[in-house]
Amino acid sequence: MTEEKKTKSNDKKVLLLTWLAVLALIGCIVGATYAYFTVQMGEGTGTDINANTGTTDSLKFTAGKAISIVANQENFALGKGNLTDTTTAKAELIANNTTNSATYNYYVYLDILKNEFTYTTEESTAELILQITSPDGTPLTNAEGLNYVTIGDISGFDITTAQGLISIADTYEITAGSEAATSQEWNATLILVNLESNQVENAGKAFTAKLLIQQEEATNVEPAE
């Protein structure tokens, strides 16, 4: 074999060995990458980014506006009547389309942000009344830490000097089936009762609160005083 032929043969062998080495390296990289994702995700598992959201229940809460009252000589005096304000909190549940059934529990709170009112009579007659209507349309008459009273023709919870976060409903149940969404509304009415007596001590005083509705239990609930 001539020297030229030997050189060409050696070049071919070198080129072949180089390609084999490259292919082996690619194989190692692919194998290592597959092994990495297998360890991270687990064999046969993955994430479906096109998952059908209909397989998940939908629970939505909507809180209404804050309720507030400010008493002054123009809106609260002898013969002026009562002052009122209202708000609504709502829970809505849609069941998934797999079981067509869903049940959850939630909590309702009155979060008093400001209360400057006080009793102006020796008998501590209730002056600030909270009325709550439950989703079935009946007035709520029991709430932890609150006294249910009647002043004239007005009945409700005495919150004249109440402060902080007050529990209105504890683990209230909502259930939905396949027919349609289930909605539950909580209506709150705040009334400053005109006792037709000397209530000048509450002139210029203010009250502000929110009706909260949520799935999580609050941890800072305080007894009403």
I need the minimum non-hydrogen distance between Ala176 and Ala95, along with the two atoms involved. O-CB, 3.7 Å

Hey, is the main chain of Thr120 close enough, under 3.5 Å, to the side chain of Asn198 for a donor-acceptor pair? no

Does the side chain of Ile94 come within less than 4.5 Å of Asp57's, by heavy atoms? no

Using the salt bridge (charged side-chain N to carboxylate O under 4.0 Å, His left out) criterion, which residues pair with Lys90? Sequence neighbours excluded. none

So, for Ile132 and Ala188, which heavy atoms are closest and what is the spacing to 0.1 Å? CD1-CB, 3.6 Å

Results of side-chain contact (heavy atoms from CB on, under 4.5 Å) for Gln214 - residues two or more places apart only: Tyr109, Leu212, Glu216, Ala218

Identify, with sequence neighbours excluded, every residue that meets side chain to side chain donor-acceptor pair (under 3.5 Å) alongside Asn187. Thr88

With heavy-atom distances below 4.5 Å as the criterion, would you say the side chains of Ile159 and Leu146 are in contact? yes

What one should report as the nearest heavy-atom pair of Ile166 and Ile112 is CD1-CD1, 3.7 Å

Has the side chain of Thr121 got a donor or acceptor atom that lies under 3.5 Å from a matching backbone atom of Thr125? yes

Could I get the full list of side-chain contact (heavy atoms from CB on, under 4.5 Å) partners for Glu74, not counting sequence neighbours? Asn72

Residues clustering with Ile151 (ILVMFWY side chains joined when closer than 4.5 Å, directly or via others): Ile129, Val149, Ile154, Ile191, Val193, Leu195

Using ring pair (Phe, Tyr, Trp, His ring centres under 6.0 Å) as the criterion, list what pairs up with Phe207, not counting sequence neighbours. none

Looking at Glu122, I want to see if its CD is surrounded by more than 12 non-hydrogen atoms of other residues, nucleotides or ligands under 6.0 Å. no

side-chain hydrogen bond (donor to acceptor under 3.5 Å, both in side chains) pairs, two or more places apart, involving residues 204-213: none

Please list, chain by chain and in numerical order, all residues satisfying side chain to side chain donor-acceptor pair (under 3.5 Å) with Ser197, sequence neighbours excluded. none

Nearest atoms (heavy-atom pairs only) where Tyr148 meets Leu140: CE1-O, 3.5 Å

Pairing residues for Asp111 by the salt bridge (charged side-chain N to carboxylate O under 4.0 Å, His left out) criterion, not counting sequence neighbours: none

Is any side-chain heavy atom of Thr219 less than 4.5 Å from a side-chain heavy atom of Glu217? no

Gln215 side chain near Tyr104 side chain, heavy-atom distance below 4.5 Å: yes

Which residues share a side chain to side chain donor-acceptor pair (under 3.5 Å) with Thr150, sequence neighbours left out: Ser155

In short, Leu93 meets Ala102 closest at the heavy-atom pair CD2-O, 3.5 Å

Thr86 and Thr189 side chains, donor-acceptor separation under 3.5 Å: no

With sequence neighbours excluded, residues passing side chain to side chain donor-acceptor pair (under 3.5 Å) with Ser58: none

Tyr172: which residues meet the ring pair (Phe, Tyr, Trp, His ring centres under 6.0 Å) condition with it, sequence neighbours left out? Tyr106, Trp186

Identify the residue among Thr160, Asn82, Asn194, Thr161 that makes a side-chain contact (heavy atoms from CB on, under 4.5 Å) with Glu127. Thr160

